[in-house]
Student: 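Provided herewith is a single structure, encoded as structure tokens, for subsequent inquiry.
Numbered from 1 within each chain, the chains take letters A, B, ... in sequence-line order.
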Amino acid sequence: MRVRRAWAEKFQAVAWASQPSSGASRHLLPQAGEGVPARRLLVGVPLLSMPAPKPAQGSIAARARALAGGPRYLEALNPEQREAVETLEGPLLVLAGAGTGKTRVLTTRIAHILASGEARPWEILAVTFTNKAAREMRERVETLVGQGVEAMQWLGTFHAISARMLRRHAELVGLKPNFTILDTDDQIRLLKQAIKAENIDEKRWPARQLAWQIDSWKNRGVTPAQVPAGEAMSFGNGKGGELYALYQERLKILNAVDFGDLLMETLRLFREQPDVLAEMHRRFKYILVDEYQDTNVAQYLWLRLLAQGRRNLCCVGDDDQSVYGWRGAEVENILRFEKDFPGAKVVRLERNYRSTGHILAAASHLISHNEDRLGKTLFTDGGLGEKPTVTGVWDSEEEARAVGDEIEALRRRGHQLNEAAVLVRASFQMREFEERFVAIGLPYRVIGGPRFYERAEIRDALAYLRCVAQESDDLAFERILNTPKRGLGDATLQLLFDYGRKQGLPLMLAARALCETEEIKPKPRATLRALIDDFARWRALIDAKPHQELAELVLDESGYTQMWKDDKTPEAEGRLENLKELVRAMEEFPDLSSFLEHVSLVMENSEGAVSDRVSIMTLHGAKGLEFETVFLPGWEEGLFPSQRTLDDNGRAGLEEERRLAYVGLTRARRRAKIYFATNRRIRGLWQTTMPSRFIDDLPAKNVEVVERAGASQYGAYGVSRFAGLDRYSSVYETPGWKRAQNGSQQRGRSAAATVIEGRVLAKSTGAADFTPGQRVMHAKFGPGTVARVDGDKLAVEFDHAGAKMVKSAFVERM
DNA sequence: GGGTGTCTGCTTTTT
DNA sequence: GCAGACACCC
């Protein structure tokens with residue numbers, strides 16, 4: 001007991017000392033992404049690794065703290081936040097609206113648990129969805145605590161924590177502790193093999209689709225045996241379930257798991273091994289979950305099993321920011337929390353510290369159109385600030401130009417580019433902005449491109465290392481067999497497959513054995529033997545050489561580095577750079593196997609130099625971030641809300657899209673700028689588009705409509721589309737509003753009559769109306785002559801715009 | 001086994 | 001409109 005108190009008190013002293021004491025610190029209120037410098041105090045004793053016995057009730061220190069009004073770190077919280085932090089016992093749901101200090105609550109809560117001595121660092125389970133969130137949480141706890149918290153070994157993503165648990169008890173679920181974690185690419189190659197083995201037409205039933213299907217089963221915690229009959233039918237003429245089973249068998253043989261298995265196998269472990277679960281219950285005194293609204297069924301079950309022990313489960317989330325339904329997230333989990341955990345306390349955080357009044361009002365009004373929500377009312381003490389703007393532009397090109405101009409103007413007024421972001425619905429929208437920004441020399445960065453470890457060169461290099469580390473890694477071996485090209489193509493691979501299957505050997509061993517037979521031609525045999533000998537040699541060096549050097553050696557001697565040096569394409573240089581980065585990253589791990597164990601789970605894009613740039617990213621990617629100024633282009637029916645989501649998921653889909661709009665708006669601190677274009681090229685075809693219904697969802701009094709000066713130059717064709725939007729007061733005449741009033745189900749599909757030179761052209765009804773030679777008028781391209789009719793598309797030779805393919809619905813006969 | 005031409009099918013994305 | 005996958009040919 002004495003030790004515990006000493007530990008807690010020492011911690012307390014550190015926590016106090018680490019708080020900035022200037023007056024400004026009083027306003028150090030929760031602001032995600034705030035630039036509070038991480039203060040680290042040099043403490044002689046590694047406090048957090050000190051053992052502490054069971055916490056005692058009502059220690060002198062605790063009582064003294066209570067009299068003094070609690071430790072300083074609690075004073076920085078508002079009453080609701082403080083309640084969320086101090087309610088340690090029992091289930092707790094923190095409904096944290098956008099910008100209300102969610103991360104602050106989570107991190108302070110952890111600090112509070114540690115400071116009060118209720119639990120030691122390794123007795124806290126803190127789960128996030130992304131590595132980034134985990135890292136941020138760790139850093140912020142460290143700032144509060146004033147020292148490193150390496151001892152918090154159970155702070156991480158669902159997947160990383162599961163992997164950790166699974167490695168400890170791998171044998172219990174039929175795996176070896178050094179199992180490989182496959183990524184999507186490996187997964188798909190494996191599934192292709194399974195599909196082929198079942199004699200299913202790969203073209204009609206692509207492996208991607210099966211991967212997606214299996215993934216969604218795993219998201220729901222469904223094993224091959226539990227696949228509902230109807231869903232098994234949905235792939236490969238009813239072979240979906242069989243393929244799933246076959247795939248799982250293959251994984252076990254390969255001693256591998258995919259991402260979904262990390263959860264599934266851990267769940268199985270908990271269910272089938274009560275003593276393992278009991279051990280977990282003993283260990284975890286407190287469980288904290290970030291972004292609870294994003295949990296899927298498997299994660300929910302996982303949490304529920306773990307939380308059964310001590311019931312000290314604290315989930316933080318915002319139902320209004322649930323935007324991952326399409327990948328299995330169940331908003332239901334958060335809506336149902338109080339039923340799932342009887343006696344649960346719910347704390348609402350509604351005081352927003354991020355956005356100005358008008359932005360908050362606009363976002364709140366927008367989201368209030370959703371039905372499935374718990375309901376929160378965000379408020380701020382800050383000023384009203386600028387109204388969000390809505391700007392209509394002619395097409396996506398003008399949209400990019402308008403955004404570029406705005407950013408330039410802001411920049412001239414001293415606005416940081418880092419504080420501006422363009423948030424799009426779909427990544428294809430990014431290109432236009434990139435092109436424009438390049439043209440005007442505006443520095444930008446695209447966030448959310450291909451992940452570092454998804455790049456071909458990284459995966460190749462990792463495959464080499466995996467082969468060195470584990471002879472039986474067939475997928476890795478298959479990948480590098482002929483990379484670089486060494487004349488071992490499909491024929492040799494097929495030979496290896498057959499031989500391996502016959503002998504029950506992994507590919508590498510099959511290759512070795514095959515070289516001793518006459519079944520392989522001399523040339524490939526020599527090459528293959530050389531490759532195998534190389535691997536044997538490299539493997540012998542594992543313990544002799546630092547793993548970094550070994551990696552370099554392998555990449556050089558295999559000819560892999562040379563392959564890219566010989567490559568004359570412009571990307572080659574960057575790829576070599578990435579390889580270097582990979583080797584550099586290995587430094588942080590003690591040996592090759594621990595590097596490989598972690599790489600698939602935690603490897604991220606290493607964003608190099610931090611320079612002042614505009615961010616371009618998807619709305620999904622922007623969740624959890626904030627910017628001074630946010631640009632929200634593409635608010636058009638069909639694009640946002642996405643027609644596909646509407647078609648597939650109806651009202652639920654629409655509500656998820658609306659939440660995405662809410663997320664977009666609430667990223668802005670001071671300025672939100674919405675755009676919609678009248679014409680957009682979608683899948684190569686120009687389409688006339690309507691303003692998004694979400695624009696109609698905005699409260700007129702908090703929004704300003706901006707007529708873009710440049711737009712009028714296109715007036716000749718565009719007048720009709722802008723007519724209703726000159727003044728916001730006339731918003732109730734916008735197409736979106738009228739549509740809503742009519743309750744019509746037509747969603748921006750009908751071609752509006754176009755006004756040309758004062759006369760209204762006949763509305764076309766279909767491609768049948770058109771024949772080659774027909775004169776037509778298009779809203780964007782003007783007059784032209786039909787050259788060819790192709791379904792509902794027309795090849796038109798425009799008088800001024802040249803040859804284009806256009807949808808017949810968007811041209812008028814002349 | 002490697003290069004060229006045609007066909008298809010296109011949100012969001014973490015781990 | 002364009003990328004990625006596949007088939008076909010050398």
Side-chain angles (χ1 to χ4, degrees), chain A residues 127-134 156-163 181-185 187-188 192 202-204 206-209 211-212 215-216 218-219 257-264 291 294-296 298-299 322-329 423-432 447-451 453-454 456 481-482 485-494 521 523-524 527 598-605 617-624 634 638-649 653 656-657 659-660 663-664 681-686 793 803-806:
Chain A
V127 208
T128 63
F129 277 83
T130 63
N131 290 306
K132 195 171 152 230
T157 62
F158 275 101
H159 292 87
I161 289 171
S162 294
I181 300 168
L182 300 187
D183 58 30
T184 327
D185 208 78
Q187 196 185 354
I188 284 175
K192 272 194 179 140
E202 240 187 286
K203 272 192 174 156
R204 267 196 66 198
R208 283 210 150 274
Q209 194 189 322
W212 190 87
D215 227 43
S216 63
K218 287 182 179 176
N219 283 159
V257 295
D258 62 21
F259 286 124
D261 282 339
L262 288 172
L263 266 301
M264 286 290 279
E291 307 275 17
D294 287 339
T295 47
N296 60 36
Q299 286 156 341
S322 161
V323 291
Y324 285 113
W326 51 274
R327 67 174 198 214
L423 310 183
V424 297
R425 174 63 181 83
S427 34
F428 70 79
Q429 292 172 260
M430 292 179 179
R431 187 190 293 195
E432 205 120 29
I447 295 179
R451 241 147 289 289
Y453 67 84
E454 276 171 12
L481 182 65
N482 201 31
K485 305 263 186 289
R486 47 171 76 91
L488 299 173
D490 286 348
T492 313
L493 183 62
Q494 198 53 52
K521 293 206 181 76
K523 211 169 152 198
T527 323
H598 284 90
V599 76
S600 54
L601 284 175
V602 297
M603 237 355 220
E604 287 170 281
N605 270 347
M617 64 181 104
T618 63
L619 286 160
H620 284 95
K623 207 171 111 191
L639 176 60
F640 189 40
S642 146
Q643 190 59 47
R644 175 99 175 253
T645 302
L646 261 40
D647 291 344
D648 294 352
N649 301 312
E656 182 155 313
E657 294 282 303
R659 291 194 289 267
L660 207 46
V663 166
R681 193 169 50 195
I682 292 169
R683 290 188 217 131
L685 294 175
W686 281 97
K793 295 174 225 163
K804 302 265 186 236
M805 286 294 284
V806 293

Student: Please work out if A:Glu657 contacts a base, only the sugar-phosphate, or nothing of the nucleic acid, heavy-atom cut-off 4.0 Å.
Tutor: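 Base, at least one base atom sits under 4.0 Å.
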Student: Please give, in whole Å, the distance from C:dG1 C1' to A:Glu432 CD?
Tutor: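 Between C1' of C:dG1 and CD of A:Glu432: 12 Å.
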Student: Would you compute the distance between atom CE of A:Met430 and atom CG of A:Leu423 and round it to the nearest 0.5 angstrom?
Tutor: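 With rounding to 0.5 Å, CE (A:Met430) is 9.0 Å from CG (A:Leu423).
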Student: Taking the side chain of A:His159 as its heavy atoms from C-beta onward, which of B:dT13, B:dT12, B:dT15 lies nearest to it?
Tutor: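 Of all the options, the side chain of A:His159 is nearest to B:dT15.
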Student: Does the aromatic ring of A:Trp326 sit over the six-membered base ring of B:dT12, closer than 5.5 Å centre to centre and tilted less than 30°?
Tutor: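 Aromatic stack with B:dT12 present for A:Trp326.
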Student: May I ask you to check whether over 12 heavy atoms, not counting those of A:Trp326, lie within 6.0 Å of atom CH2?
Tutor: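 For A:Trp326, atom CH2 is crowded (more than 12 foreign heavy atoms under 6.0 Å).
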Student: Identify whether any heavy atom of A:Arg681 sits under 4.0 Å from a base atom; if not, whether one sits that close to sugar-phosphate; answer base, sugar-phosphate or nothing.
Tutor: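 Answer is sugar-phosphate: A:Arg681 comes under 4.0 Å of backbone atoms only.
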Student: For A:Leu263, answer base if it contacts any base atom (sugar-phosphate contacts may also be present), sugar-phosphate if it contacts only those atoms, and nothing otherwise; contact means non-hydrogen atoms under 4.0 Å.
Tutor: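 Result for A:Leu263 = nothing.
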Student: What I'd like to find out is whether the side chain of A:Leu619 reaches to under 4.5 Å of the side chain of A:Leu660, using heavy atoms alone.
Tutor: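 Yes, at least one pair of side-chain atoms sits under 4.5 Å.
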Student: If you look at every strand shown and take non-hydrogen atoms under 4.0 Å, does A:Thr128 touch a base, only sugar-phosphate, or nothing?
Tutor: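 The answer is nothing, as A:Thr128 stays clear of every strand by at least 4.0 Å.
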Student: Could you tell me how far apart A:Lys623 (NZ) and B:dT15 (P) are, to the nearest whole angstrom?
Tutor: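 These atoms are roughly 12 Å apart.
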Student: Given atom NZ of A:Lys523 and atom C1' of B:dG1, what is their separation to the nearest angstrom?
Tutor: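 Atom NZ in A:Lys523 sits about 10 Å away from atom C1' in B:dG1.
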Student: Please report, rounded to the nearest Å, how far the C1' atom of B:dT15 is from the CE atom of A:Met264.
Tutor: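 Between C1' of B:dT15 and CE of A:Met264: 16 Å.
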Student: Atom CZ of A:Arg208 and atom P of B:dT13: how far apart are they, to the nearest Å?
Tutor: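 Roughly 14 Å, once rounded to whole Å.
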Student: Using a cut-off of 4.0 Å on non-hydrogen atoms, how would the nucleic acid contact of A:Arg486 be classed: base, sugar-phosphate, or nothing?
Tutor: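 If one applies the 4.0 Å heavy-atom cut-off, A:Arg486 turns out to touch nothing in the nucleic acid.
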Student: For B:dT12, take OP1 and OP2 only and decide whether either is under 4.0 Å from a side-chain N or O of A:Ser642.
Tutor: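 The answer is no; no side-chain N or O of A:Ser642 sits under 4.0 Å from OP1 or OP2.
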Student: Calculate the interatomic distance between A:Phe158 atom CZ and B:dT15 atom C1'; express it in whole Å.
Tutor: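 Taking CZ of A:Phe158 and C1' of B:dT15, I get 12 Å after rounding.
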Student: Is A:Gly621 touching bases, backbone alone, or none of the nucleic acid, heavy atoms closer than 4.0 Å?
Tutor: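 Nothing, no nucleic acid heavy atom in range.
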Student: Report the C-alpha distance between A:Gln187 and A:Asp183 in whole Å, list the side-chain angles of each, state the deciding distance to 0.1 Å, and finish with yes or no for side-chain hydrogen bond (donor to acceptor under 3.5 Å, both in side chains).
Tutor: CA-CA 6 Å; A:Gln187 196 185 354; A:Asp183 58 30; over 6 Å; no
Student: Kindly point out which of B:dT15, C:dC2, B:dG2 is positioned nearest to the side chain of A:Lys485?
Tutor: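 Nearest listed nucleotide: B:dG2.
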Student: Nearest 0.5 Å please: distance from the CZ atom of A:Arg327 over to the CG atom of A:Asp215.
Tutor: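 With rounding to 0.5 Å, CZ (A:Arg327) is 10.5 Å from CG (A:Asp215).
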Student: Does A:Glu291 use its side chain to pair, donor to acceptor, with the backbone of A:Phe129 at less than 3.5 Å?
Tutor: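 Absent.
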Student: Assuming nearest nucleotide by heavy-atom distance, tell me which of A:Thr157 and A:Arg644 is located more 5' along DNA chain B.
Tutor: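 In this pair, the answer is A:Arg644.
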Student: Can you figure out which of B:dT13, C:dC6, B:dT15 approaches the side chain of A:Asn131 most closely?
Tutor: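 Side chain of A:Asn131 sits closest to B:dT15.
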Student: Whole Å only: how far is the CD1 atom of A:Ile188 from the P atom of B:dT13?
Tutor: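 Spelled out: CD1 on A:Ile188 to P on B:dT13 is 16 Å.
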Student: What is the distance, to the nearest angstrom, from the CH2 atom on A:Trp212 to the C1' atom on B:dT15?
Tutor: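 So the CH2-C1' distance, A:Trp212 to B:dT15, works out to 17 Å.
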Student: For A:Thr492 and for A:Leu262, locate the closest nucleotide of DNA chain B by heavy-atom distance; then report the residue assigned to the nucleotide nearer the 5' terminus.
Tutor: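 It is A:Thr492 whose nearest nucleotide is closer to the 5' end.
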Student: So, OP1 or OP2 of B:dG1: does either fall under 4.0 Å of a side-chain N or O from A:Asn482?
Tutor: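 So the side chain of A:Asn482 is outside the cut-off, no N or O lying under 4.0 Å from OP1 or OP2 of B:dG1.
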Student: Ignoring backbone atoms, establish whether A:Ser427 has a side-chain N or O less than 4.0 Å from OP1 or OP2 of B:dC10.
Tutor: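 Result: no.
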